[in-house]
K.L.:
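Can you keep this structure in mind? I'll have questions shortly.
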There are 2 protein chains.
Amino acid sequence: MNKKKTDLRIVRTKQSIRKAFYELIQEKGYEAITIQDIADRAMINRNTFYLHYQNKPDLLDTCMDELLSELQQTVVLCPFHMNPFRLSRLETVMQAVLEHISGSITLYYAMLVEESRIYPFRAKMEAIIKGKLDEGWNPAQGDSPLAVSKELLLEYLVSAFMGILIWWIKNDRPLSAAEVSSQFSNIVTYGHLRAAGIAVEE
Amino acid sequence: MNKKKTDLRIVRTKQSIRKAFYELIQEKGYEAITIQDIADRAMINRNTFYLHYQNKPDLLDTCMDELLSELQQTVVLCPFHMNPFRLSRLETVMQAVLEHISGSITLYYAMLVEESRIYPFRAKMEAIIKGKLDEGWNPAQGDSPLAVSKELLLEYLVSAFMGILIWWIKNDRPLSAAEVSSQFSNIVTYGHLRAAGIAVEE
DNA sequence: ATAAATAAACAACATCGTGTTCATTATTTA
DNA sequence: TAAATAATGAACACGATGTTGTTTATTTAT
């Protein structure tokens with residue numbers, strides 16, 4: 001029952017390090033940041049940095065986890081029971097994600113667009129989305145001539161999902177979250193031809 | 001009409017640098033490579049490297065362009081006139097790409113999977129695919145209720161395309177190029193529900 | 001074949017960022 | 001108020017980068 005009393009100094013220092021780091025990522029990109037940059041911005045000694053993080057990648061990992069756990073929360077809260085492959089459900093998730101991202105848009109921009117050297121971030125996001133889409137999966141009943149593997153389909157959906165998302169960020173959100181989500185759903189569900197308004201012969 | 005006689009030494013040196021670089025990328029990943037590594041492997045003086053390339057990113061750029069111009073060739077040769085959104089055409093392109101990649105699979109693996117810090121590569125590949133898909137585009141006639149923006153649809157297709165492609169590489173090509181391409185086409189064209197064998201109500 | 005041109009090698013150097021060590025100072029907790 | 005410990009500051013070794021000369025080897029042109 002001993003509440004771990006973390007030294008206030010530690011909390012303060014860690015906070016200012018992360019704050020500085022987030023700012024710098026958005027300003028100059030991850031690669032260009034030096035530990036000294038972070039120390040300067042956080043107004044601490046460079047040495048102090050090493051008291052709390054192993055190195056730059058370590059800090060990045062921690063920050064990514066922090067950021068993504070918020071996204072995870074957002075996604076978890078989405079109503080998405082039963083069959084997740086129905087139109088409205090997919091649409092709901094995408095919309096929730098897009099709106100959440102809007103809250104930290106420049107940071108997500110830096111993480112996903114500008115500096116995609118920050119590879120693990122995209123991968124981790126995909127894992128989150130994938131986990132959601134995987135809920136309540138129902139395999140094809142019987143053998144449809146078109147039946148595809150579950151893995152491939154999941155990958156397909158997640159990739160398209162992330163692609164649209166990044167496109168949306170990159171282009172400064174040209175459509176509303178609702179519009180994007182709706183169009184995405186339409187293509188996914190009805191196929192690209194019908195979605196584009198082209199008649200499709202059976 | 002003066003054939004530029006490039007000094008043989010230059011050709012030799014450049015070749016061995018690139019060869020060394022390709023090998024090292026596959027062995028330890030781009031980030032971990034030092035100029036000295038390249039010089040050692042290419043059996044040249046470290047200084048000589050700087051006689052031909054500015055720095056590591058410069059070398060990477062050159063090599064990427066080299067590699068991607070081959071891909072470009074492959075894609076250009078694909079029969080893909082008229083409306084590119086018909087099933088078989090899309091399938092054809094994907095299959096051609098997958099087969100081409102198979103020829104340098106470990107290198108593509110390093111470029112796209114292992115070390116996705118090499119961001120521009122994926123982006124450039126996407127641009128190539130996108131360019132191909134963009135050929136002979138016909139916008140929706142009339143206003144279908146589902147009509148989506150061309151840009152969004154292109155982004156959707158390219159993202160799903162690249163996602164499947166990377167998935168395929170990452171998982172050590174679990175299906176044949178033909179099977180993957182066919183399944184991809186089915187999902188794209190008929191929507192994920194019907195492709196997965198789930199009845200879709202209109 | 002030989003001389004001029006130039007690529008490559010070799011050594012040296014300044015620069016920068018990293019990560020560590022250690023003694024000292026400041027702050028917090030008990 | 002004392003003990004614990006976080007933060008500072010200086011110093012250091014290390015490794016990689018990119019540059020500058022000088023010397024050697026190879027190639028091209030005469």
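Note on naming: letters A, B, ... go to the chains in the order of the sequence lines (proteins, then strands), and numbering restarts at 1 for each one.
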K.L.:
Specify the separation, in whole Å, of atom CG of B:D7 and atom C1' of D:dA29.
P.N.:
12 Å
K.L.:
Provide the full list of salt bridge (charged side-chain N to carboxylate O under 4.0 Å, His left out) pairs with a residue in residues 152-164 of chain B, sequence neighbours left out, each pair given once.
P.N.:
B:K130-B:E155
K.L.:
Can you list, in residue-number order, the parts of residues 36-47 of chain A that come under 4.0 Å of DNA chain C, counting heavy atoms only?
P.N.:
A:R46, A:N47
K.L.:
Please list, chain by chain and in numerical order, all residues satisfying side chain to side chain donor-acceptor pair (under 3.5 Å) with A:S104, sequence neighbours excluded.
P.N.:
none
K.L.:
Test of understanding: with salt bridge (charged side-chain N to carboxylate O under 4.0 Å, His left out), list the residues that count as partners of A:E23, not counting sequence neighbours.
P.N.:
A:K19, A:R41
K.L.:
Taking only residues two or more places apart in sequence or in another chain, which ones pass side chain to side chain donor-acceptor pair (under 3.5 Å) with B:R46?
P.N.:
none
K.L.:
Between residues 9-16 of chain B and DNA chain C, which residues have a heavy-atom gap below 4.0 Å?
P.N.:
B:R9, B:I10, B:T13
K.L.:
Taking atom P of D:dA16 as reference, at what distance in whole Å does atom CZ of B:F49 sit?
P.N.:
15 Å
K.L.:
With sequence neighbours left out, what residues match B:D40 under side chain to side chain donor-acceptor pair (under 3.5 Å)?
P.N.:
B:Q36
K.L.:
To the nearest Å, give me how far apart CG (A:L51) and P (C:dT21) are.
P.N.:
12 Å
K.L.:
Does atom CD of A:E99 have more than 12 heavy-atom neighbours, drawn from other residues, nucleotides or ligands, at distances under 6.0 Å?
P.N.:
yes
K.L.:
Five pairs per end, C1' atoms only: what is the angle between the end axes of the helix from C:dA1-D:dT30 to C:dA30-D:dT1, to 10 degrees?
P.N.:
30°
K.L.:
Below the 4.0 Å mark, does D:dA6 have OP1 or OP2 next to a side-chain nitrogen or oxygen of A:H52?
P.N.:
no
K.L.:
Starting from C1' on D:dG9, measure out to OH on A:Y50 and report it in whole angstrom.
P.N.:
15 Å
K.L.:
Considering residues at least two apart in sequence or located in another chain, which fulfil the salt bridge (charged side-chain N to carboxylate O under 4.0 Å, His left out) criterion with B:E151?
P.N.:
none
K.L.:
With sequence neighbours left out, write down each residue that passes salt bridge (charged side-chain N to carboxylate O under 4.0 Å, His left out) with A:E66, or none if nothing qualifies.
P.N.:
A:R18
K.L.:
Nearest whole angstrom, please: distance from the P of D:dA7 to the OH of A:Y53.
P.N.:
11 Å
K.L.:
Rounded to the Å, how far apart are B:I33 CD1 and D:dG15 C1'?
P.N.:
17 Å
K.L.:
Quick one: side chain to side chain donor-acceptor pair (under 3.5 Å) partners of B:S176, sequence neighbours excluded?
P.N.:
B:E179
K.L.:
Quick check: does any side chain N or O of A:K56 sit under 3.5 Å from a backbone N or O of A:I33, one acting as donor and the other as acceptor?
P.N.:
yes
K.L.:
In whole angstroms, how far is the P atom of C:dA8 from the CG atom of B:L8?
P.N.:
11 Å
K.L.:
Whether A:T48 contacts D:dT8 is assessed here as follows: a side-chain N or O lying under 4.0 Å from the phosphate OP1 or OP2. Is that the case?
P.N.:
yes
K.L.:
Whole-Å distance between C:dG19 P and A:K56 NZ?
P.N.:
10 Å
K.L.:
Tell me every residue that passes ring-ring contact (aromatic ring centres under 6.0 Å, His included) with A:F49, counting only those two or more places apart in sequence or in another chain.
P.N.:
A:Y53
